[in-house]
Every structure is written in C-alpha cells, then in structure tokens.
Amino acid sequence: MTVRLPMLICLVALLSACGEPAPDTLLGYAEGEYVRVASPAAGRLVDLRVQRGAQAQAGDPLYALESENEAAQRREAADRLAQAQARLADLRKGRRPEEIAVVRAQVAQADAALELARNELRRTEKLVADKFVSRQRLDEAQTAYERDQARVRELHAQLDTMRLAARSDEIRAAEAEVGAASANLEQAQWLLDQKAIRSPVAGLVQDTLFVPGEWVPAGAPVVALLPPTHIKVRFFVPETTLGTLKVGQRITVRCDGCAAPIAAGIRYISPQAEYTPPVIYSRDNRAKLLFMVEAWPSAADAPALHPGQPVDVALETALDTSDTTP
C-alpha cells in the first residue's frame, strides 16, 4: 500500500498537467442564484405539488399549508362586511313601509281627535255665550283643542322624518365601518392566500426542503427554484489582469459537453482580493492576489450551464457593451 500511494500521486499529477487549460484561459465555474419560495405564515405542510428536478411555470401551485384557521377568519370578515353594508343601506333609506303605516294610523287617530276637540270647542263657546256653562269649561275645551293640534303636528313631522334617510354623520360613520370591514376582509383573504403558494417565476425545481406532515416555520423556504436566467459564471483573475477588465466586457466560456463556446458579459468585479498576504506585499505575494469576477450569459445560452460545473474562461480585450443580461 505504501508503494502504490506515490505512484498514484504521480499519475494524478500527470493527468492534471495534461488537462490544464491554455495559459490565457482562466478557470471558473457556473453558479446559480436560487429563488427560495417561502410563506410569511407558519403551518403544517399538507400538500407538496412539485418534485425535485421538475420544471415549474410562473403561477403553478407549489405547495399548501394547513389553512382551516385562516379560512374561518376569512368567513368571519366576510360576514362582518355584509353586516356593515346592510346597516349602511338601512341608514340611506327611510323606514320600512310597515313602520310608516303605523304612524299613518296614528296620524288618522290624531286628526279624528282634533276634529272632535274642534267641535267640542265650538259648542262650549256657544254655551258660554248663552251663559249655560262657566268660563272654566271654555278654557278646558280650548286647551284640549290646542293639545290635539300639537299632537297632529308631531305625528306629521314624525311621518316626514321616517321617509328620510339617517343623519349625514351617522351615514359617514357607517361608511367608515364598511371600509374597515372591507380592509379586514382583504387582510383575511391575503393571509389565506399565503397558505397556498404559487411559483413566482418559471424555473427548475432545484430542491424541496420539507415533506408533507412537517411543520414549516414562518419565512422558511419550502421550494428552491432556479430560473434559467439566474445562472452566471464566476471566475478569478490575478491582480495583474484586474486592470484590463471592465463591467460590460465580453468573455467566452467553454465547458465539457458544451456544443459551442458561450458568450457572456461581465457584470460584477469584486473590489477585494480573495487572498491577502499576512505581512507585506512583495512581487511573489502580489502574484497570489485573486479577484472574483461574475459574468452572465444570455438567456438563450444560460440553460447550457449547470451550477457547480467547471468552465474555462477566455477574456476579450475589446469592450463590448452589448446586452447579455437575462
């Protein structure tokens, strides 16, 4: 075993030397920016609609959490809104016909009583003039007549009021109540919608992080999506090459299995080195400084790359600001 180990190390070194890229080629790898889909509400996972490796379209259902409590809150909010709307409608119109009919009957009774009081007053005035009754009887008849007149005016005013809507301040208060109930219903509906999550983008289902029956905390991702336009190339350049790079510059990417070279555009250059000497800079230490660079291929070429896949990057000296964004 001790004899085979040095031979194995030499073989690996030879194979590595044979597979080294050209001197003007940089080593890199493909990287993905995942869309981790989560719900702001917690709950038990009851339905997982997608599997790892499947393709999801924007708007497709991904998973659902238990929603019995949210559904009940939504029904309660809908009933409260209906109650507030009914109260507002009742205030905007007059009383019911049955209630108006009752007051009309009271008006008729009051008119009859007023007519009787009027006749009684006339008879009493004649009897007083003929000195058959005292002046006190006339005062009583006059008071009864005036009382019945006031009663008739009161009932007529009450009948006119019943035909009108409620006061404006009451209506405004009822309108505000309807607005608050409507907002509560929208909030309840939103909370209910957060229990059934749909895909925000189209992409590959890279991973599912929970299984049905598990408790999902609020904000915990359940599905990780990788849109095809979220694949980028990350590579590292030495300090001596950093000054020749600019954002928007074109690069050429090659990978094993790629049918043709892939063009990409630089969109980010790290301002900090990945390695810093511990004491002072020297010519040898400066050669070890590496800066990360990220480039994005076009939307059509991005699906040819896979996260973690090693690639070879060739720099182009000419500045090309053509659109290589997804």
Measure from the side-chain N and O atoms of [X] to the backbone N and O of [Y], and report whether any donor-acceptor pair falls under 3.5 Å.
| X | Y | value |
| --- | --- | --- |
| Ser182 | Val178 | no |
| Thr143 | Asp139 | yes |
| Asp60 | Gln57 | yes |
| Gln309 | His306 | yes |
| Thr25 | Val313 | no |

Would you mind reporting whether [Y] and [X] have side-chain heavy atoms less than 4.5 Å apart?
| X | Y | answer |
| --- | --- | --- |
| Glu146 | Gln142 | yes |
| Ser199 | Leu225 | yes |
| Ile262 | Thr252 | no |
| Val152 | Gln149 | no |
| Val37 | Pro221 | no |
| Phe291 | Phe235 | no |
| Ile266 | Ile251 | yes |
| Leu305 | Cys255 | yes |

Could you state the interatomic distance from [atom1] ([X]) to [atom2] ([Y]), rounded to the nearest 0.5 Å?
| X | Y | atom1 | atom2 | answer |
| --- | --- | --- | --- | --- |
| Asp256 | Arg254 | CG | CZ | 12.5 Å |
| Glu33 | Thr229 | CD | OG1 | 9.5 Å |
| Leu114 | Arg147 | CG | CZ | 10.5 Å |
| Gln249 | Lys246 | CD | NZ | 8.5 Å |
| Arg135 | Arg137 | CZ | CZ | 13.5 Å |
| Leu65 | Arg44 | CG | CZ | 9.5 Å |

Of all the heavy-atom pairs spanning [X] and [Y], show the shortest one and how long it is.
| X | Y | value |
| --- | --- | --- |
| Leu88 | Ala174 | CD1-CB, 3.7 Å |
| Leu62 | Ala56 | CD2-CB, 4.3 Å |
| Ala38 | Ala220 | CB-O, 3.4 Å |
| Leu185 | Ala77 | CA-CB, 3.6 Å |
| Ala300 | Pro303 | O-CD, 3.6 Å |
| Ala84 | Ala181 | CB-CB, 4.4 Å |

Problem - Polar contact flag, side-chain donor to acceptor under 3.5 angstrom, Gln189-Asp193 - result: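 There is such a pair (donor and acceptor under 3.5 Å, judged by atom type) between the side chains of Gln189 and Asp193.
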Practice task
Could you please spell out the steps behind the salt bridge (charged side-chain N to carboxylate O under 4.0 Å, His left out) verdict for Arg123 and Glu120?
Solution key: CA-CA 5 Å; Arg123 286 194 297 267; Glu120 181 67 20; 2.7 Å; yes
Exercise for the section: Evaluate the criterion side chain to side chain contact (heavy atoms under 4.5 Å, CB included) for residue pair Val253 and Asp312; output intermediate values, then yes/no. Expected result: CA-CA 6 Å; Val253 180; Asp312 297 333; over 6 Å; no
Handout entry: Sole residue of Val237, Val247, Leu315 in side chain to side chain contact (heavy atoms under 4.5 Å, CB included) with Val293
Key = Val237
Consider only side-chain heavy atoms of I, L, V, M, F, W and Y, link residues closer than 4.5 Å, and tell whether [X] and [Y] are in one cluster.
| X | Y | value |
| --- | --- | --- |
| Leu242 | Leu26 | yes |
| Tyr63 | Leu192 | no |
| Tyr34 | Leu48 | no |
| Tyr29 | Tyr268 | yes |
| Ile197 | Leu226 | no |

One thing to verify: whether [Y] and [X] come together as a salt bridge, which I'm taking to mean a side-chain N less than 4.0 angstrom from a carboxylate O.
| X | Y | value |
| --- | --- | --- |
| Arg74 | Glu70 | no |
| Glu294 | Arg267 | no |
| Arg151 | Glu154 | yes |
| Glu175 | Arg172 | no |
| Lys195 | Glu66 | no |

Exercise for the section: Evaluate the criterion side chain to side chain contact (heavy atoms under 4.5 Å, CB included) for residue pair Gln83 and Arg87; output intermediate values, then yes/no. Expected result: CA-CA 6 Å; Gln83 179 183 9; Arg87 181 174 179 273; 5.9 Å; no
Handout entry: Residues Glu76, Asp79; criterion side chain to side chain contact (heavy atoms under 4.5 Å, CB included); working and verdict
Key = CA-CA 5 Å; Glu76 179 184 3; Asp79 292 341; 5.7 Å; no
Exercise for the section: Report the C-alpha distance between Leu191 and Gln73 in whole Å, list the side-chain angles of each, state the deciding distance to 0.1 Å, and finish with yes or no for side chain to side chain contact (heavy atoms under 4.5 Å, CB included). Expected result: CA-CA 9 Å; Leu191 290 175; Gln73 292 179 352; 4.3 Å; yes
Exercise for the section: Please check if atom CZ in Arg49 has more than 12 non-hydrogen atoms from other residues, nucleotides or ligands closer than 6.0 Å. Expected result: no
Pair up each side-chain donor or acceptor in residues 204-219 with any protein partner under 3.5 Å, not counting sequence neighbours, and list the distances.
from: Asp207; atom 1: OD1; to: Arg52; atom 2: NE; distance (Å): 3.1
from: Asp207; atom 1: OD1; to: Arg52; atom 2: NH2; distance (Å): 3.0
from: Glu214; atom 1: OE1; to: Val211; atom 2: N; distance (Å): 3.0

